[in-house]
Protein chains: 2
Amino acid sequence: MIRIALADDHKMFAKGIAGLLEEEDDLRVDGIFSNGKDLLDFLKTHEVDVILTDMNMPVLDGAGVLEAIKKTSPKTKAIVLSMYHDEAIYNRSMKLGADAYVLKNSDPDELIYTVREVFEGNYLPSYSKLQQQTESDEYTDYYKLKFQLSKRETQILRMIKNGMTNKEIAASLNLSLFTVEAHRKKIHSKLKVSSVSELIRKAIDIGI
Amino acid sequence: MIRIALADDHKMFAKGIAGLLEEEDDLRVDGIFSNGKDLLDFLKTHEVDVILTDMNMPVLDGAGVLEAIKKTSPKTKAIVLSMYHDEAIYNRSMKLGADAYVLKNSDPDELIYTVREVFEGNYLPSYSKLQQQTESDEYTDYYKLKFQLSKRETQILRMIKNGMTNKEIAASLNLSLFTVEAHRKKIHSKLKVSSVSELIRKAIDIGI
DNA sequence: GAAAAAATACCCCAAACAGGGGATTTTTTC
DNA sequence: GAAAAAATCCCCTGTTTGGGGTATTTTTTC
């Protein structure tokens, strides 16, 4: 039996995940919390095998949880739940000792699989696994078909969504600023938007 | 027994909500779908009392679901689940015949309460109810305390997040463009961000 | 009712974005 | 291997943001 505790400030989502995991015979959710502090308090008196934590939480965020866990109960495995396909957040999580990084809009089976593998100690986190999570998502596929974004466009859209400027994107991909601007114009026309804010919103909606 | 069917493209979330509702003795979830079309297909052969639907879905979105439902099974009540505290989306939902509009980051009890009231025919949707949903959220409270955003700042942040430009916001609130810019600068310094994209992301993180 | 906070409005300047065009090279597809 | 699509780069122009000020009026708070 794999004992689990989780923290996520979106209560509906937290309860949701818990129900999902409880359906599995070998998984048991012992605690559901909506911030990191409540989770850590719980862990003072209860032992679990795996914790799932969101990064953005009030009072004590995911980073704080990871740090504390690695100190106080190093045997406990930690899986980060994140809304963002963002390399910077991914790297920060790993540095803080996370054992896995799962996107919130990935398939529920993906999460269950990861919990088991992490528990067994067989899971080797990598950024390419994160790539796969978004790529295997059938709905992203649908939108890819609907909006016909090319690979480069998808990549750049993701970077814009993650808060990067055209200049930063150009530097990061070794492209001319003009090229990035050209891609951006194409993205705008394909997604029928005309500003960053609309763009980001659309990107979130279609789960890119 | 209130019979429910729901559609949301975030599978984890959909399964989550379902589990949450199933915990109540008087609620039963007969179908969980990840797009509007699958939900409508189900409704051809099954009768339910209340449907819950996300607005942003592939294949057939929430608007399409509402339109179809009101035609084919007008007795079925429809509740819109939305990520966005956005008056435009709210109004569109209502125009299309939604019986209620519930935010995804509101309290689970809020949703359960709304399902029951809508089923009983006692629920009168209003935009002020939407206001309450965000305001009663304890975590938004936490962030309000942390970042000390004023009312006006919160309002403007929400409008920026919803894709409006300073000019549009100024026009909509009957303010000078300078004023909106001034507020925006304050918001930036309070949230420690320096661009729209970071701003929107932060707004989503703190659930505004 | 005085002090503090919020909301309002304005100026300046530099940086970033948005949209219009055109053109070449590389890669994919059939 | 020809045609189509994707990716690259450049120019021009106007709009929108971002950050630095200052200052007055309105509202809140104690």
Side-chain angles (χ1 to χ4, degrees), chain A residues 88 131 134-135 140-141 143-204 206 208, chain B residues 131 134-135 140-141 143-206 208:
Chain A
Q131 304 279 11
T134 12
E135 270 154 34
T140 308
D141 282 356
Y143 285 117
K144 229 180 243 164
L145 206 74
K146 180 169 177 189
F147 297 114
Q148 308 258 42
L149 289 183
S150 74
K151 265 188 190 171
R152 208 37 150 188
E153 285 159 2
T154 307
Q155 183 185 27
I156 289 178
L157 174 52
R158 197 167 281 147
M159 295 171 101
I160 296 171
K161 188 192 128 189
N162 289 343
M164 295 173 77
T165 64
N166 289 348
K167 211 190 218 170
E168 290 169 336
I169 294 169
S172 157
L173 299 178
N174 276 315
L175 294 175
S176 149
L177 182 59
F178 296 116
T179 306
V180 178
E181 281 169 353
H183 282 300
R184 191 161 185 154
K185 274 181 266 185
K186 271 238 129 186
I187 297 170
H188 274 196
S189 83
K190 282 183 178 177
L191 298 190
K192 296 190 190 69
V193 300
S194 58
S195 69
V196 219
S197 42
E198 290 178 84
L199 190 63
I200 291 176
R201 173 124 158 196
K202 198 94 186 183
I204 290 171
I206 67 183
I208 265 175
Chain B
Q131 304 278 11
T134 12
E135 269 153 36
T140 307
D141 281 358
Y143 285 118
K144 226 180 243 162
L145 207 73
K146 181 168 177 190
F147 297 114
Q148 308 258 41
L149 289 184
S150 74
K151 265 189 191 170
R152 207 37 147 190
E153 286 160 2
T154 307
Q155 183 183 26
I156 288 176
L157 173 54
R158 197 167 281 146
M159 294 171 100
I160 295 171
K161 186 192 130 187
N162 289 342
M164 295 172 77
T165 64
N166 288 348
K167 211 189 215 173
E168 289 167 337
I169 294 169
S172 156
L173 299 177
N174 273 316
L175 294 175
S176 150
L177 182 59
F178 295 116
T179 307
V180 179
E181 282 170 353
H183 282 300
R184 192 164 183 153
K185 273 181 264 187
K186 271 238 132 190
I187 297 170
H188 274 194
S189 84
K190 282 183 178 178
L191 298 190
K192 297 189 190 68
V193 300
S194 59
S195 68
V196 220
S197 41
E198 289 178 84
L199 190 64
I200 292 177
R201 178 125 154 194
K202 198 96 187 180
I204 290 170
D205 284 349
I206 68 184
I208 264 176

J.: Within the 4.0 Å heavy-atom criterion, would you say B:E181 contacts the bases, only the backbone, or no part of the nucleic acid?
T.: base
J.: Find the runs of at least 3 consecutive base pairs, i with j, i+1 with j-1 and so on, that include DNA chain C, using Watson-Crick or G-U wobble geometry with both distances under 3.5 Å.
T.: C:1-30 with D:1-30
J.: Considering non-hydrogen atoms only, spot the tightest contact between A:S197 and B:V196 and give its length.
T.: CB-CG1, 4.3 Å
J.: Is a donor from one side chain sitting under 3.5 angstrom from an acceptor on the other, for B:Q155 and B:R158?
T.: no
J.: Check every nucleotide of DNA chain C for an atom under 4.0 Å from a heavy-atom of chain A, then give the first and the last such nucleotide from 5' to 3'.
T.: C:dA16 to C:dG21
J.: Would you mind classifying the nucleic acid contact of A:T179 as base, sugar-phosphate or nothing, using non-hydrogen atoms under 4.0 angstrom?
T.: base
J.: Give me the atom names and distance for the closest heavy-atom approach of B:S195 to B:H188.
T.: N-CE1, 4.0 Å
J.: Can you tell me how far apart CD1 (A:I160) and CD1 (A:I169) are? Round to the nearest 0.5 Å.
T.: 4.5 Å
J.: Atom CD1 of B:I169 and atom P of D:dT17: how far apart are they, to the nearest Å?
T.: 8 Å
J.: Specify the separation, in whole Å, of atom CD1 of B:I200 and atom P of D:dT17.
T.: 10 Å
J.: Of the nucleotides D:dC11, D:dT17, D:dC9, which one has an atom closest to the side chain of B:R184?
T.: D:dT17
J.: Nearest whole Å is fine: how far is D:dT16 C1' from A:L199 CG?
T.: 15 Å
J.: Can you measure from CG (B:L173) to NE2 (B:H183) and round to the nearest 0.5 angstrom?
T.: 8.5 Å
J.: Measure from NZ on A:K167 to P on D:dC9 and round the result to the nearest Å.
T.: 17 Å
J.: Do A:K146 and A:I206 touch side chain to side chain, with heavy atoms closer than 4.5 Å?
T.: no
J.: Within the 4.0 Å heavy-atom criterion, would you say A:S195 contacts the bases, only the backbone, or no part of the nucleic acid?
T.: sugar-phosphate
J.: Categorize B:K186 for me: base, sugar-phosphate, or nothing, with a 4.0 angstrom heavy-atom threshold over every strand shown.
T.: nothing
J.: Between A:K151 (NZ) and D:dT8 (P), how many Å, whole number?
T.: 12 Å
J.: Take A:I200 and B:R201 through the side chain to side chain contact (heavy atoms under 4.5 Å, CB included) test and state the conclusion after the steps.
T.: CA-CA 9 Å; A:I200 291 176; B:R201 178 125 154 194; over 6 Å; no
J.: Taking only side-chain N and O atoms of B:T165, does any of them lie within less than 4.0 angstrom of OP1 or OP2 on D:dT15?
T.: no
J.: Hey, which sits more toward the 5' end of DNA chain C by its nearest nucleotide, A:V193 or B:L149?
T.: B:L149
J.: To the nearest angstrom, how far is B:F178 atom CZ from D:dT25 atom C1'?
T.: 17 Å
J.: Contact class for A:L175 (heavy atom, under 4.0 Å): base, sugar-phosphate, or nothing?
T.: sugar-phosphate
J.: Hey, which sits more toward the 5' end of DNA chain D by its nearest nucleotide, B:S197 or A:L173?
T.: A:L173
J.: For A:K190 and for A:N174, find the nucleotide of DNA chain D with the closest heavy atom, then tell me which residue's nucleotide is more 5'.
T.: A:K190
J.: Can we say B:E153 and B:K186 salt-bridge, meaning some charged N sits less than 4.0 Å from an Asp/Glu carboxylate O?
T.: no
J.: Give one of base, sugar-phosphate or nothing for B:H183, where a contact means two heavy atoms less than 4.0 Å apart.
T.: base
J.: Under 3.5 Å, is there a donor-acceptor pair linking the side chains of A:S172 and A:E168?
T.: no
J.: Does the B:K202 side chain pair with the main chain of B:V193, one donor and one acceptor, at a distance under 3.5 Å?
T.: no
J.: Rounding to a whole Å, what distance do you find between A:R152:CZ and D:dC9:P?
T.: 9 Å
J.: Atom NZ of A:K185 to atom P of D:dC9: distance rounded to whole Å?
T.: 14 Å
J.: Pick the closest DNA chain C nucleotide for A:A182 and for A:L177 by heavy atoms, then say which residue is nearer the 5' end.
T.: A:L177
